[in-house]
Amino acid sequence: MEQAIKQGIAEALETLYSHQLATEDIALQPTRKEFEGTYTYITFPLSRVSRKGPEETGNEIGEYLVKHCKAVSAYNTVKGFLNISVSESSQVQQFAAMFNGQSPTDSPVFHMAPTGKTVVVEYSSPNTNKPLHLGHLRNNFLGNSVARILEAAGNKVAKVQIINDRGIHICKSMLAWQKFGNGETPESSGIKGDHLVGKYYVEFDKAYKAEVAELVAGGMDKEQAEKEAPILLEAQEMLRKWEEKDPEVYALWETMNGWVYSGFNATYERMGVDFDKLYYESDTYLIGRDRVMEGLEKGVFFKKEDGSVWVDLTDEGLDEKLLLRKDGTSVYMTQDIGTALMRFDDFPGLSQLIYTVGNEQEYHFKVLFLILKKLGYEWADACYHLSYGMVDLPTGKMKSREGTVVDADDLIQEMVDTAKARTEELGKIDGFTEEQAAELYEKLGLGAVKYYLMKVDPRKRMLFNPEESIEFQGNTGPFIQYTYARISAILRKASQLGVSMQNIDYDGVKEIHQTEKDLIFAIGQFKEKLQQAADAYSPAVMAQYAYDMAKDYNRFYTELSIFNEDDETLMQFRVALSALTAETIKRSMGLLGIEVPERM
RNA sequence: GGCCCUGUAGUUCAAUGGAUAGAAUAGAAGUUUCCUAAACUUUAGAUCUAGGUUCGAUUCCUAGCAGGGCUACCA
């Protein structure tokens, strides 16, 4: 439909002003609802080629369209805005083409042509020393959704994560467990593995702080105390032993990481995210270290007197950056070099490698990509940092020492509980088995958190308001889910009544309501929105789209009756329209990783 | 100090350089003999400041103000 009009405009420009403009350069926008029309074309910039005022130019193009473009029934021009009305029959035909006379799941409106590209999306990648929190939820939902969106947009996608299983942080938990743990295990304590390890990370921090305080009291200055606290030195020693593969340290490391993984896996499963391939820092850091040594030989990097290895990025306007410590151990950057290499080896011809990581690491990735370039890897340009904003609480930033961290498992449980309470309050699920009810609460609770975290532009920092997030009214996941459930009820009834959606006599649909036009228009936007979401790596685009559509449908639902409609054809049409709307909502929500219930 | 990001209704979020800046919440007033009221309708309410570019600026540029991040031999 849009394409036909753009074509018409291009022809008009050619015929009237001998001006050539490619159809893809013609931008149409939906007409604002206070004006008559479906699409609006802006004619201000055309004054140069038409040598007439924008209004007159608009009129001439409008005139041409009405004459030559079948779909266009009327036009009006306000200043430089040419409002184009599409005839009702064309809109019904547009719907017929989209609905395709088939089951709506196969509708061509959802199908995007393959791009032939392969994209790898990294997300999650937590440290293995504490459980997941609210920030990880945004990360996981965002990364997972972007992967779904890119796949729907025609790409081959692999979801990966790097597991930061080595480094000083895990040594801290290990050491504290050794010192204070008394052999406690997830089984013996009944604590989920990731939470148990997190507990000892906190224990470490407590002991460390106490030691620092003691040293300061003994007359040492704070900075020195923070570097020389015995427990910290012990942790550093442990990391060194680990890199030497000391059997005892290694065994403990394997045990405790195992606890964390099983804890994480339980959380991932509940969240509905998964991965095609996992990378372990403990595997990749050695590759990184080798490449750094190579770079050193080639003179890309340099060594300081104390033996530490650095890269000089001052020519690029950045600083010098450490790549290997003086004791030879690796830093974050070292392993990231190795990980990138492994990925481009694993996925030959990779078009893009997307890192879903918070914006506090923008500098880090800038440096990483520059280093890869300096090492001579052409594919460095295919690396992209999908940088998202932090999640703040009404009280400010989340801080583990102040105990203001919102735990992921707790939050999800809270949302599911709220869904249960709200549903029972409304008393709408008579006839549900216990199992079905539990499944519904899970869908609603998770739908609420996911939607809340993804409706905001990922690049922006966002506020997590616990009270508002458990709201199920307004611009929320459950509102959209509710709309879907409502449509499902309509479709169940239609099938009961034997209303067929096949072989609808679309020519018999003479007059349609504004809300129906809105829905047809919205459905027709799916691909464009999907492309936009893919280009911007923004699930928020799909969230907004699904919400707008749900609103449109609810308006349609209250304005018009389906089963009280005397005109059989019109009834069929409305059922079909409902079916395709439901499918569009389901798809859009699916791209966010949100499931929709048949009943609620 | 240097670099980066963000300033929109009371609050949380929208708006490829386009019309009278949209939603949601919170506030006020309504809608159930009618397919699910987790809904719908009406109402009131906002572009940080000062310049500039443009036919036209929330959007682009400059300066200022405010908030956040980065600038670790942490990850």
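The chains referred to below are lettered A, B, ... by the order of the sequence lines, with proteins before strands, and numbering in each begins at 1. None of these values were measured; they are calculated from a predicted model.
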- [ ] Could I get the full list of side chain to side chain donor-acceptor pair (under 3.5 Å) partners for A/Ser561, not counting sequence neighbours?
- [x] A/Asn564
Task: Nucleotide-resolved protein contact map, nucleotides 28-37 of chain B, B/S/- at heavy-atom distance under 4.0 Å - done: ------SBBS
Open item on the list: Tell me whether the rings of A/Phe365 and A/Tyr355 are parallel (<30°), tilted (30 to 60°) or perpendicular (>60°).
Closed with: tilted
Open item on the list: Once you apply a heavy-atom cut-off of 4.0 Å, does A/Arg422 come out as touching a base, just sugar-phosphate, or nothing?
Closed with: base
Task: Of residues 34-45 of chain A, the positions that come close to RNA chain B - non-hydrogen atoms, cut-off under 4.0 Å - done: A/Phe35, A/Thr40, A/Ile42, A/Phe44, A/Pro45
TODO: Kindly assign one of parallel, tilted or perpendicular to the pair A/Tyr208 and A/Phe204, based on the angle between their ring planes and the thresholds 30° and 60°.
DONE: parallel
Task: Ion pair A/Lys79/A/Glu55, N-O distance below 4.0 Å - done: no
Task: Check: A/Asp457 side chain, B/A15 base, donor-acceptor under 3.5 Å - done: no
Task: Residue pairs involving residues 355-366 of chain A (criterion salt bridge (Lys or Arg N to Asp or Glu O under 4.0 Å); sequence neighbours excluded) - done: none
Open item on the list: Check this for me: does any side-chain nitrogen of one of A/Lys443 and A/Glu598 sit under 4.0 Å from a carboxylate oxygen of the other?
Closed with: no
Task: Close residues, residues 127-142 of chain A, relative to RNA chain B [heavy-atom separation under 4.0 Å] - done: A/Asn127
Open item on the list: For Watson-Crick and G-U wobble pairs within 3.5 Å on both distances, what is RNA chain B written in dot-bracket notation, | included for inter-strand pairing?
Closed with: (((((((..((((....[...)))).(((((.......)))))....(((((..]....))))))))))))....
